[in-house]
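A quick write-up on the structure given underneath.
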Amino acid sequence: MNFDFNTLLKGETTDIDISVRGWVRSFRNNQFIALNDGSTNQNLQVVLELNKFDDALLKRITTSACVMASGKLVKSQGKGQTVELVADNIEILGDSDAEKYPLQPKKHSLEFLREIAHLRFRTNTFGSVFRLRNALTYAIHTFFQERNFLNIHSPIISASDAEGAGEMFRVTNLDLDKLPKTETGEIDFSQDFFGRSANLTVSGQLEAELAAMAFSKVYTFGPTFRAENSNTARHLAEFWMIEPEVAFNELSDNADLAEEMLKYVIRYAMEKHADDIDFLDARLAEEEKQKPTAERAEFGLKDKLNFMLEHSFERVTYTEAIDILLQSPAYKKKKFQYDVNWGIDMQSEHERYLVEKHFKKPVIVTDYPKDIKAFYMRQNDDGKTVAAMDILAPGIGEIIGGSQREERLDKLVQRMNEMHIPTDEMFWYLDTRRYGTCKHAGFGLGFERLVQFVTGMGNIRDVIPFPRTPKNCEF
RNA sequence: UCUUCCUUAGCUCAGUUGGUUAGAGCACCUGACUGUUAAUCAGGGGGUCGCUGGUUCAAGUCCAGCAGGGAGAGCCA
């Protein structure tokens, strides 16, 4: 019979003969193995009675060796754990050369662990992070499935280059050393695999809209690719995005859905993995202690998450947000590096001020000037703004971006013309407005930014197993 | 891509005004101890000071270039 350690360590069942397998975290006193199977950060203590095992075997019980231990699970005779396994038999399933193995039972920097991403799963921090990432994945599907949303697999390869969401990765099987050219000297993509130029998707939104026009409520949850040369703690070249799209929803429904979803998945992760949140909370507190007082975060991780669950997100229009900034002490004392006036695309410093200083909780900013937003957003009656919304979270910045979509064909075409988006290539998108159009709205949630928010990890590269960033595609 | 900081043992980091043989903690190895909790104690091995060039009697230390990394910014989710 096999039990995971998370179950065994609850101590509900003892005095049974079992066999367990895991990786050695530490071996103390030639007598106590701290064994871990990844189900929890808690280790199962395996007790080796003295003189029962020969020295050659004991020497092979090294950090990160893979071991099978058989014996009786009993109430622990020492302090520090509820149960322990008194071993009758130890078998080394996989040796680990202690001299060469890079991880030690001590603190390592996250930068160092990033360089050994293939081994960092075996640390407490990344154990907690990836169990929480998994819980959040499950919670997102559960949230939408419970509400009868249909999961849509939007394409990963896309020929559309009209989405305007930034630089794209080209997909081709042309011989790069002998590119076929047209008569005018351009690359002849008619000879490429798809007979036209293709890219990795930057968004599943447009396809999700098509599906919403049949299934009413849909969501995508898949990988997304951006070839931007972004070197920050919150950008990846390959990341996962959740994009719900709902027919008949208006902007306020969209904001309600986003807020409800965020609270649902965060609550689920906190309940399911309270011990991992506790661990990361303590880790973060320790990290904060190293900083000068002025730079320390006001909230601990758990406090931040609880505060967020207990309060409604603040909702302000872009126009109100600009007014708040103009009235702020920071503005009056000229603390902002960038100027504030109606029409600007708010800078990080402005968003941070609203979220971290003024409201101290997530903020939903709506109704942005149309000139700084995408062509598909619904034009408001004022002629100046569109029904867009961004959700800004403390420490992360923009975690969700969404909008009510322009469902009126004439207004959409007019806007596409103004913004030089080719309407002929996008006939399939415009067809939804030709045949049974209706109001609808949706948003995009950056999954890794959500995981950052829940785990308190400062760098997005530490919440995805193998981060892809400019000049970095190891593992 | 821009600004700024960093690069010394496997890891984390000291290294004074440029001056003899570059240090500490942890890890590793040897031994002691044996109900330990990142066990403890004693001893030991381990270095192309990121790379290239320059200044100097003398460079880990000063200068330049390059490479890699961090933080902030832009772009965004």
Side-chain angles (χ1 to χ4, degrees), chain A residues 24-34 42-51 58-59 62-64 76-81 84 86 96-116 119 123-124 163-167 202-205 222-243 258 290-291 295 337-338 345-352 372-374 390-393 396-402 443-453 458-464 469-472 474:
Chain A
V24 175
R25 283 289 175 84
S26 74
F27 184 36
R28 292 183 290 269
N29 239 354
N30 258 0
Q31 200 180 354
F32 302 99
I33 304 174
Q42 303 305 103
N43 299 315
L44 176 66
Q45 175 153 286
V46 176
V47 183
L48 278 59
E49 281 172 43
L50 289 170
N51 305 321
L58 295 180
K59 277 209 182 317
T62 55
T63 304
S64 226
S76 177
Q77 295 168 50
K79 288 172 185 161
Q81 57 279 316
E84 61 193 16
V86 180
S96 172
D97 185 339
E99 203 164 349
K100 291 183 182 150
Y101 183 65
L103 285 173
Q104 303 149 31
K106 60 164 275 190
K107 259 206 159 62
H108 290 286
S109 67
L110 294 173
E111 292 82 11
F112 171 67
L113 293 172
R114 225 170 275 154
E115 287 167 20
I116 51 165
L119 298 172
T123 64
N124 285 332
E163 289 160 38
E167 294 290 311
V202 292
S203 165
Q205 179 202 313
T224 310
F225 307 89
R226 303 270 167 95
E228 297 287 350
N229 189 14
S230 293
N231 292 288
T232 80
R234 55 187 188 284
H235 287 89
L236 291 165
E238 174 184 290
F239 63 101
W240 291 68
M241 191 151 65
I242 295 106
E243 294 173 297
Q290 313 296 321
K291 295 184 188 168
E295 289 174 25
Q337 197 186 331
Y338 293 87
D345 202 355
M346 277 189 273
Q347 304 292 315
S348 286
E349 59 176 354
H350 304 138
E351 296 180 345
R352 293 183 82 118
I372 58 171
K373 288 294 181 183
D390 282 0
I391 301 188
L392 312 174
I396 311 293
E398 187 180 339
I399 193 169
I400 283 179
F443 60 83
L445 164 70
F447 183 57
E448 281 75 18
R449 290 191 183 172
L450 172 67
V451 182
Q452 271 189 281
F453 187 76
N459 194 314
I460 201 166
R461 300 168 191 203
D462 296 328
V463 298
I464 189 167
T469 53
K471 300 279 182 322
N472 180 6
E474 192 76 72

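We use all heavy atoms of the structure for the numbers below, so side chains are in, but hydrogens, waters and symmetry mates are not. Throughout, protein chains are lettered first and strands after them, A, B, ... in sequence-line order, and every chain is numbered starting at 1. Only a predicted model underlies this, so the values are computations on that prediction, with no experimental measurement involved.
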- If the P atom of rC41(B) is compared with that of rG46(B), how far apart are they to the nearest Å? 24 Å
- What distance, rounded to whole Å, do you find between the two C1' atoms, one in rC57(B) and one in rU20(B)? 14 Å
- Item | Main-chain N/O of Gly204(A) paired with Glu243(A) side-chain donor or acceptor, under 3.5 Å | yes
- Item | Non-neighbouring partners of Arg352(A) that pass salt bridge (charged side-chain N to carboxylate O under 4.0 Å, His left out), sequence neighbours left out | Glu356(A)
- By side chain to side chain contact (heavy atoms under 4.5 Å, CB included) - contacts of Tyr338(A) (at least two apart): Gln347(A), Glu349(A), His350(A)
- Separation of atom CG in Leu110(A) from atom P in rU12(B), rounded to whole Å: 11 Å
- What integer number of Å spans the C1' atoms of rA67(B) and rU21(B)? 31 Å
- Give the rounded distance in Å between these two atoms: CZ of Phe453(A) and P of rA77(B). 18 Å
- Gln452(A) CD to rA77(B) P: how many Å, rounded? 15 Å
- Query: For the side chain of His108(A) and the base of rC11(B), is some donor closer than 3.5 Å to an acceptor across the two?
  - Reply: no
- Task: Take atom CD1 of Ile460(A) and atom C1' of rA77(B), then tell me their distance rounded to the nearest Å.
- Result: 8 Å
- Task: Mind checking salt bridge (charged side-chain N to carboxylate O under 4.0 Å, His left out) for Glu448(A) and listing every partner two or more places apart, or none if nothing turns up?
- Result: Arg133(A)
- Would you say Ser96(A)'s side chain and Thr63(A)'s backbone share a donor-acceptor pair under 3.5 angstrom? yes
- Message: According to side-chain hydrogen bond (donor to acceptor under 3.5 Å, both in side chains), who are the partners of Asn229(A), at least two apart in sequence or on a separate chain?
- Response: Asn231(A)
- Message: Tell me every residue that passes side chain to side chain contact (heavy atoms under 4.5 Å, CB included) with Ala258(A), counting only those two or more places apart in sequence or in another chain.
- Response: Met389(A), Ile391(A), Ile400(A), Phe443(A)
- Note on the structure: note: Tyr101(A), atom OH; rC11(B), atom P; distance rounded to Å ~ 14 Å
Using a cutoff of under 3.5 Å, can you pull out all pairs of nitrogen or oxygen atoms linking the protein to nucleotides 4-9 of chain B, with atom names and distances?
none

- Item | Under-4.0 Å side-chain N/O to phosphate OP1/OP2 contact, Arg461(A) with rG70(B) | yes
- Task: Have a look at Ile400(A) and say if it touches a base, only the backbone sugar-phosphate, or nothing, with a 4.0 Å heavy-atom cut-off.
- Result: sugar-phosphate
- Mind checking the C1' distance from rG60(B) to rC13(B)? Whole angstroms is fine. 14 Å
- Item | Check: Ser230(A) side chain, His235(A) main-chain N or O, donor-acceptor pair, under 3.5 Å | no
- Task: Sticking with atom C1', work out how far rG45(B) lies from rC28(B), rounded to a whole angstrom.
- Result: 9 Å
- Message: Can you check the distance between rA71(B) and rC29(B), where both ends of the measurement are the P atom (answer in whole Å)?
- Response: 34 Å
- Task: If a protein heavy atom is under 4.0 Å from the base, mark B; if only from the sugar-phosphate, S; if neither, -; do that for nucleotides 36-44 of chain B going 5' to 3'.
- Result: BBBB-----
- Rounded to the Å, how far apart are Glu474(A) CD and rG69(B) C1'? 14 Å
- Note on the structure: On RNA chain B, more 5' by nearest nucleotide between Phe447(A) and Leu103(A) is Leu103(A)
- Item | Euclidean distance, Leu450(A) CG relative to Ile396(A) CD1, rounded to 0.5 Å | 9.0 Å
- Item | Whichever of Leu50(A) and Thr62(A) has its nearest RNA chain B nucleotide further upstream toward 5' | Thr62(A)
- Heavy-atom donor-acceptor pair, Asp97(A) side chain to Glu99(A) backbone, under 3.5 Å: yes
- Query: Looking only at atom P, what distance separates rG72(B) and rC11(B), rounded to whole Å?
  - Reply: 24 Å
For nucleotides 71-73 of chain B, which of its nitrogen or oxygen atoms have a protein nitrogen or oxygen under 3.5 Å away, and what is each distance?
| from | atom 1 | to | atom 2 | distance (Å) |
| --- | --- | --- | --- | --- |
| rA71(B) | OP1 | Asn459(A) | ND2 | 3.3 |
| rA71(B) | OP2 | Asn459(A) | ND2 | 3.4 |
| rA73(B) | O2' | Tyr338(A) | OH | 3.3 |
| rA73(B) | N6 | Asn231(A) | O | 3.3 |

- Rounded to whole Å, CG of Leu236(A) lies from P of rC76(B) at a distance of 17 Å
- Query: Reading RNA chain B 5' to 3', how would its secondary structure be written in dot-bracket notation, given Watson-Crick and G-U pairs with both distances under 3.5 Å, brackets [ ] for crossing pairs and | for partners on other strands?
  - Reply: (((((((..((((.....[...)))).(((((.......))))).....(((((..]....))))))))))))....
- Message: Taking side chain to side chain contact (heavy atoms under 4.5 Å, CB included) as the definition, give me every residue that meets it alongside Asn51(A), ordered by chain and number, with sequence neighbours left out.
- Response: none
- Hits for salt bridge (charged side-chain N to carboxylate O under 4.0 Å, His left out) against Arg114(A), two or more places apart or cross-chain, chain-then-number order -> Asp462(A)
- Task: In whole angstrom, give the distance that lies between atom NZ of Lys373(A) and atom C1' of rC76(B).
- Result: 9 Å
- Contact class for Ile399(A) (heavy atom, under 4.0 Å): base, sugar-phosphate, or nothing? sugar-phosphate
- Arg226(A) side chain, from C-beta outward: closest of rC75(B), rA77(B), rG35(B): rA77(B)
- Item | P gap between rG43(B) and rC6(B), integer Å | 36 Å
- Query: Do Phe239(A) and the base of rA77(B) stack face to face, with centres under 5.5 Å apart and an angle between planes under 30°?
  - Reply: yes
- Sequence neighbours excluded, the answer for side chain to side chain contact (heavy atoms under 4.5 Å, CB included) partners of Asp390(A) is Tyr368(A), Lys373(A), Leu392(A), Glu398(A)
- Query: Taking atom CD of Glu111(A) and atom CZ of Arg461(A), what is their separation to the nearest 0.5 Å?
  - Reply: 10.0 Å
- Query: Any donor-acceptor pair under 3.5 Å linking the side chain of Glu84(A) with the backbone of Gln77(A)?
  - Reply: yes
- Item | Euclidean distance, Gln452(A) CD relative to Phe447(A) CZ, rounded to 0.5 Å | 12.0 Å
